[in-house]
Amino acid sequence: MKNLDKDVFKLIQKEEKRQIVGVELIASENYVSDSVLSAAGSILTNKYAEGYPNKRYYGGCEIIDEIETLAIQRLQLLFNAEYVNVQPHSGSQANASVYLACLNPGDKILGFDLSHGGHLTHGSPVNFSGQLYQTSFYGVSKDTGTIDYNAMRLTALKEKPKMIICGASAYSRDWDYEFFRNVADEIGATLLADISHPAGLIAKGLLKDPLHFCHIITSTTHKTLRGPRGGVIMMGKDYENPFGYKNKKGDKKMMSTILNSAVFPGSQGGPLEHIIAAKAVAFREAMQDHFFEYMMQVKKNANHLANNLLDLGYDIVSGGTDNHSLLIDLRSKEITGKDAEFALGQAHITVNKNMVPFDDKSPFITSGIRIGTPAITTRGLIEEDIDLITKYIDESIFLFRNKKSFNSLSKKVNETMKKFPIFKY
Ligand SMILES: *Cc1c(COP(=O)(O)O)cnc(C)c1O
């Protein structure tokens, strides 16, 4: 059947090869297991199932209901969450649903500055979140590169946002969720934690647990959690919505009811049940001991890479990492993020350019690159392999600067990576 569309399937094969021979250091990417891949590519894609288990708008959903229920139960166990919704198509959709549930257009939100490591959906003017809501931002302090909690509190007291969002796409330190909660309580705001990046580490207790302190949690499932591309919403504890939003008759609703309606029919139609099945598979994998070992190694690898780079004179924002990622400030090395991304690409090392806090360059150029270890750790790389990767990174930048050929380096990279299979489980 694949032969019927050579155009697309040849390209898939080419992409598979690229994923095998290269070093994948994009912090938001990972390699899923064969089981996750099979579920995601299954016939479940054929089924419409608008609604929720046992409350569907279509017939023939009995088996789908069992699948979605498994996904729900496993995610509840994994994070010790009273409420979960596994239907959001992506992290952005999860956030859109939460905003729809908690905010009216024009309401104020307070998020982590995009240029300091935040996410587009936390209020960026180019995103719906910055267009529908009034935004203000907090950031990191210049000297430490870590969140300036007191400044965040002062902004919150001044702006009185209806929602405060913690979480980031490029921030390598843990979060003081308790501090955020105290500030949220001072002004009666809802506290949302978007744990899209560190979800896997949080699930295994390797970072602070936001479910104790934040009203609502959103996440992707495809980053450290190593599932299919998708999103989820969770609450440690369900609660009565204190704002009366969408309760025109004055009846108080539970937040879980409001969130479910905000996902469907509020912002999505039919759920992707093939992806929900793949999520269920990934959640089961994440409950097992080998996933704890995996997450530990991800952290060790990130820390080792940060230390190696520091030894070579690179600046790491905040001086290191508590999680799976690091942000390199390349200004002292006199190369832009854009050029570094290109140079590493020539050696088949994939990273993304990234703004660093207080960057003087545009988002298209940038002064930094973001690096993450989830994908290479899935392939089995450990500290001694990280030493090699460090050398390759440094050599790429040297070759670019001196306008030298990347031929022998990219061959070395390919040879190294062929030793690590991508679909192991
Ligand atoms: C990746 C990410 C998202 C969005 O995920 P998509 O699935 O790409 O929509 C949202 N928030 C944060 C913090 C992220 O890192």
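Note that the structure is predicted; figures quoted are calculated from it, not measured.
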Near Asn80 CG, under 6.0 Å, is it more than 12 heavy atoms from other residues, nucleotides or ligands? no
What's the spacing between Tyr138 OH and Leu154 CG if we round to 0.5 Å? 14.5 Å
For the residue pair Gly145 and Ser318, what are the closest heavy atoms and their distance? O-CB, 3.7 Å
Testing Phe180, Tyr149, Trp175 one by one against Phe112 for a ring pair (Phe, Tyr, Trp, His ring centres under 6.0 Å), which residue passes? Trp175
Under the side chain to side chain contact (heavy atoms under 4.5 Å, CB included) rule, what do Asp65 and Arg56 come out as? Steps first, then yes or no, please. CA-CA 9 Å; Asp65 281 359; Arg56 303 284 189 185; 2.7 Å; yes
Closest heavy-atom pair and its distance - Val317, Ser172: O-OG, 4.0 Å
For Leu100 versus Ala262, what's the shortest heavy-atom pair and its separation? CD2-O, 3.6 Å
Can you check whether Arg370 reaches Ser169 side chain to side chain, under 4.5 Å on heavy atoms? yes
Between Lys47 and Glu273 (salt bridge meaning N to carboxylate O under 4.0 Å), is one present in this structure? no
With a 4.5 Å heavy-atom cut-off, do His122 and Leu114 have their side chains touching? no
Using only heavy-atom distances, determine whether the side chains of Ser97 and Ser267 contain a donor-acceptor pair under 3.5 Å. yes
Keeping the roles fixed (side chain from Asn30, backbone from Lys223), state whether a donor-acceptor pair exists under 3.5 Å. yes
Side-chain heavy atoms of Pro357 within contact of Leu327, under 4.5 Å: yes
Donor on one side chain, acceptor on other, Glu15 and Gln19, under 3.5 Å: yes
Hey, does the side chain of Asp359 reach the backbone of Val356 with a donor-acceptor pair shorter than 3.5 angstrom? yes
Mark yes when over 12 heavy atoms from residues, nucleotides or ligands other than Phe358 sit less than 6.0 Å from its CZ; otherwise mark no. yes
Give a yes or no on whether the backbone of Ile382 and the side-chain of Asp385 come within a donor-acceptor separation of less than 3.5 Å. yes
Any side-chain donor paired with an acceptor under 3.5 Å for Arg173 and Thr146? no
Check Cys102 against Thr190 and note the closest heavy-atom contact, atom names and distance. SG-CG2, 4.4 Å
Quick one: does Thr373's side chain have a donor or acceptor within less than 3.5 Å of a partner on Val298's backbone? yes
Walk me through whether Arg229 and Thr220 qualify under side chain to side chain contact (heavy atoms under 4.5 Å, CB included). CA-CA 7 Å; Arg229 197 154 286 283; Thr220 60; over 6 Å; no
So, taking the atom named SG in Cys61 and the one named NZ in Lys55, what distance separates them when rounded to the nearest 0.5 Å? 13.5 Å
Would you find more than 12 non-hydrogen atoms of other residues, nucleotides or ligands less than 6.0 Å from Asp360 atom CG? yes
Would you kindly say whether Gln87 and Glu68 are connected by a side-chain donor-acceptor distance under 3.5 Å? yes
If we ignore angles and hydrogens, is there a donor and acceptor under 3.5 Å between the side chains of Glu50 and Gln268? no
Please confirm whether Arg226 makes a cation-pi placement over Phe291, using NZ or CZ under 6.0 Å from the six-membered ring centre and within 45° of the ring normal. no
So if I apply the ring pair (Phe, Tyr, Trp, His ring centres under 6.0 Å) rule between Tyr48 and each of Phe264, Tyr57, Tyr58, which one comes out positive? Tyr58
Thr350 side chain to Ile26 backbone, donor-acceptor under 3.5 Å: no
Side-chain donor or acceptor of Lys10 paired with backbone N/O of Asp7 under 3.5 Å: no
Quick check against the 3.5 Å criterion: does Lys279 have a side-chain atom that pairs as donor or acceptor with the backbone of Ile72? no
So with a 6.0 Å cut-off around CZ of Arg284, is the heavy-atom count from everything else above 12? no
Does any non-hydrogen side-chain atom of His119 lie less than 4.5 Å from one of Ser196? no
Are Val263 and Tyr52 close enough that some pair of their side-chain heavy atoms sits under 4.5 Å apart? yes
Taking Leu75 as the fixed residue, which of Val232, Leu70, Asn85, Thr221 is the one that meets the side chain to side chain contact (heavy atoms under 4.5 Å, CB included) rule? Val232
Any side-chain heavy-atom pair of Leu344 and Ile369 under 4.5 Å: yes
Any idea how Tyr99 and Phe128 line up, ring-wise: parallel (<30°), tilted (30 to 60°), or perpendicular (>60°)? tilted
Between Phe79 and Ile195, does a side chain to side chain contact (heavy atoms under 4.5 Å, CB included) hold up when you go through it step by step? CA-CA 12 Å; Phe79 282 93; Ile195 59 166; 3.9 Å; yes
Could you check whether atom NZ of Lys338 has more than 12 heavy atoms from other residues, nucleotides or ligands sitting under 6.0 Å from it? no
Enumerate the ring pair (Phe, Tyr, Trp, His ring centres under 6.0 Å) contacts for residues 185-217, please, sequence neighbours excluded, ordered by first and then second residue. His197-His324, His215-Tyr239
If you compare all heavy atoms of Thr135 against all heavy atoms of Gly123, which two are closest, and at what distance to 0.1 Å? CG2-O, 3.3 Å
The reported gap from CD1 in Ile376 to CZ in Arg379 (rounded to nearest 0.5 angstrom) is 9.5 Å
Sub-3.5 Å donor-acceptor pair from the side chain of Asp329 to the main-chain atoms of Asp315, do we have one? no
Are Ile164 and Ile187 packed together at the side-chain level, in the sense that at least one heavy-atom pair is separated by less than 4.5 angstrom? yes
If you measure from CD on Glu16 to CD1 on Ile20, what distance do you get to the nearest 0.5 Å? 5.0 Å
Without swapping roles, check the side chain of Lys108 against the backbone of Glu159 for a donor-acceptor pair under 3.5 Å. yes
Gln297 side chain to Thr377 backbone, donor-acceptor under 3.5 Å: no
Pair Val98, Met163 - check side chain to side chain contact (heavy atoms under 4.5 Å, CB included), show working. CA-CA 10 Å; Val98 172; Met163 176 178 279; 3.9 Å; yes
Can you confirm whether the side chains of Thr378 and Tyr294 place a donor and an acceptor under 3.5 Å from each other? yes
Do the side chains of Leu326 and Leu309 get nearer than 4.5 Å, heavy atoms only? yes
Could you measure the distance from the CG atom of Leu103 to the CG atom of Leu132? Nearest 0.5 Å is fine. 9.5 Å
Minimum heavy-atom distance Leu78-Ala286, with the two atoms named: CD1-O, 3.6 Å
Does the structure place the NZ or CZ of Arg153 under 6.0 Å from the centre of the six-membered ring of Phe179, at an angle of no more than 45° from the ring's axis? no
Using 0.5 Å steps for rounding, measure from the CG atom of Leu211 to the CD atom of Glu82. 11.0 Å
